[in-house]
Amino acid sequence: MEKRTRLILALDVTSRAEARRIVDASKDYLDAIKINWPLILAAGPDIISELSKIKDVVCDMKIADIPNTNRLICEQATSRGASAVICHGFVGEDSVKACVEATKGQVFVVTEMSHPGGKQFTAPVADKLAALARSSGARGIVAPATRPERIADLRKIIGKMEIISPGVGAQGGKASDAIRAGADYIIVGRAIYQSSDPGASAKALADEVRTAVD
Ligand code: O7M
């Protein structure tokens with residue numbers, strides 16, 4: 001995955017044509033595209049291969065099962081061209097390690113989630129989830145742009161591992177705050193794909209990120 005604009009598009013649209021329209025408009029400002037269930041279910045899993053020819057694809061199925069099932073899901077994603085997957089850590093170390101083994105380490109583990117409900121169950125165990133990501137050999141963690149101070153806290157636990165951070169725009173977080181707090185990449189969905197000009201919105205976010213990095 002490039003580290004140029006530090007912008008990952010969360011492509012939560014529900015048709016292949018809409019997905020292509022948004023990607024064509026914004027691809028110059030993206031380092032990767034994150035695909036979640038809405039698009040995979042609407043367009044079929046071959047959308048992973050199709051988009052991976054344009055940009056690195058992170059498959060966000062928030063994998064959360066026993067190790068064998070996790071492995072099977074990861075193999076399906078990577079065989080279609082996914083560069084990385086996202087899994088949950090609350091299922092335990094063996095389940096996370098199964099993802100790490102199946103993807104040769106290309107795993108991001110969810111820690112504290114960005115929405116208000118993320119405070120209920122994920123926040124109290126987020127430090128442990130980050131430590132688990134580290135001990136399991138994952139590539140990085142997912143941490144909330146809605147609470148930049150938590151990005152900074154979690155950074156202390158994971159050292160140089162990567163942080164990808166959702167919650168910018170529609171959920172109220174700011175791109176520059178997340179980057180300054182220590183995120184490597186921001187993940188943005190609605191602020192780009194619901195925009196009347198997705199290319200201009202992606203460019204504005206990439207510009208904001210650059211000011212925070214400089
Ligand atoms: O910018 P949005 O709010 O339209 O979209 C945010 C995306 O990030 C969307 O695809 C969510 O599923 C995802 N996300 C969160 O919003 N919060 C989290 O805590 C975690 C994720 C995520 O990407 O997990 C991997």
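We're numbering straight along the sequence, starting at 1. Whatever order the structure lists ligands and atoms in, that order sets their numbers, starting from 1.
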Nearest neighbour in protein (non-hydrogen) for atom 13 (C) of ligand 1: Lys34 NZ, 3.7 Å

Nearest neighbour in protein (non-hydrogen) for atom 24 (O) of ligand 1: Lys62 CE, 3.1 Å

Residue part near ligand 1, for His115, under 4.0 Å between non-hydrogen atoms: neither

Asp12: numbered ligand 1 atoms lying under 4.0 Å from its heavy atoms: 9 (C), 10 (O)

Shortest protein heavy-atom distance from atom 20 (C) of ligand 1, along with the residue and atom involved: Pro166 CG, 3.5 Å

Protein residue, atom and distance nearest to atom 1 (O) of ligand 1, heavy-atom basis: Gly189 N, 2.8 Å

N/O separation below 3.5 Å, Gly167 to ligand 1: no

Tyr193 N/O to ligand 1 N/O under 3.5 Å: no

Donor-acceptor contacts, no H, no angles, side chain residues 164-178, under 3.5 Å, sequence neighbours left out:
from: Ser165; atom 1: OG; to: Ala143; atom 2: O; distance (Å): 2.8
from: Ser165; atom 1: OG; to: Ala145; atom 2: N; distance (Å): 3.1
from: Gln171; atom 1: OE1; to: Ser114; atom 2: OG; distance (Å): 2.6
from: Lys174; atom 1: NZ; to: Glu208; atom 2: OE2; distance (Å): 3.3
from: Ser176; atom 1: OG; to: Glu208; atom 2: OE2; distance (Å): 2.8

Sub-4.0 Å heavy-atom contact, Gln194 with ligand 1: no

Neighbour count >12 (heavy atoms, 6.0 Å) for atom NZ, Lys3: yes

Side-chain ion pair, Lys119 and Glu112, N-O less than 4.0 Å: no

Presence of salt bridge, Asp184 and Arg155, under 4.0 angstrom: yes

Which residue and heavy atom of the protein sit nearest atom 6 (C) of ligand 1, plus the separation: Gln171 NE2, 3.6 Å

Within reach of ligand 1, part of Ala10 (heavy-atom separation under 4.0 Å): side chain

Carboxylate-amine/guanidinium proximity below 4.0 Å for Glu2 and Arg4: yes

Exercise answer: donor-acceptor pairs, residues 120-131 side-chain atoms, under 3.5 Å, sequence neighbours excluded:
from: Thr122; atom 1: OG1; to: Met113; atom 2: N; distance (Å): 3.0
from: Thr122; atom 1: OG1; to: Gly118; atom 2: O; distance (Å): 2.4
from: Asp127; atom 1: OD1; to: Arg150; atom 2: NH2; distance (Å): 3.0

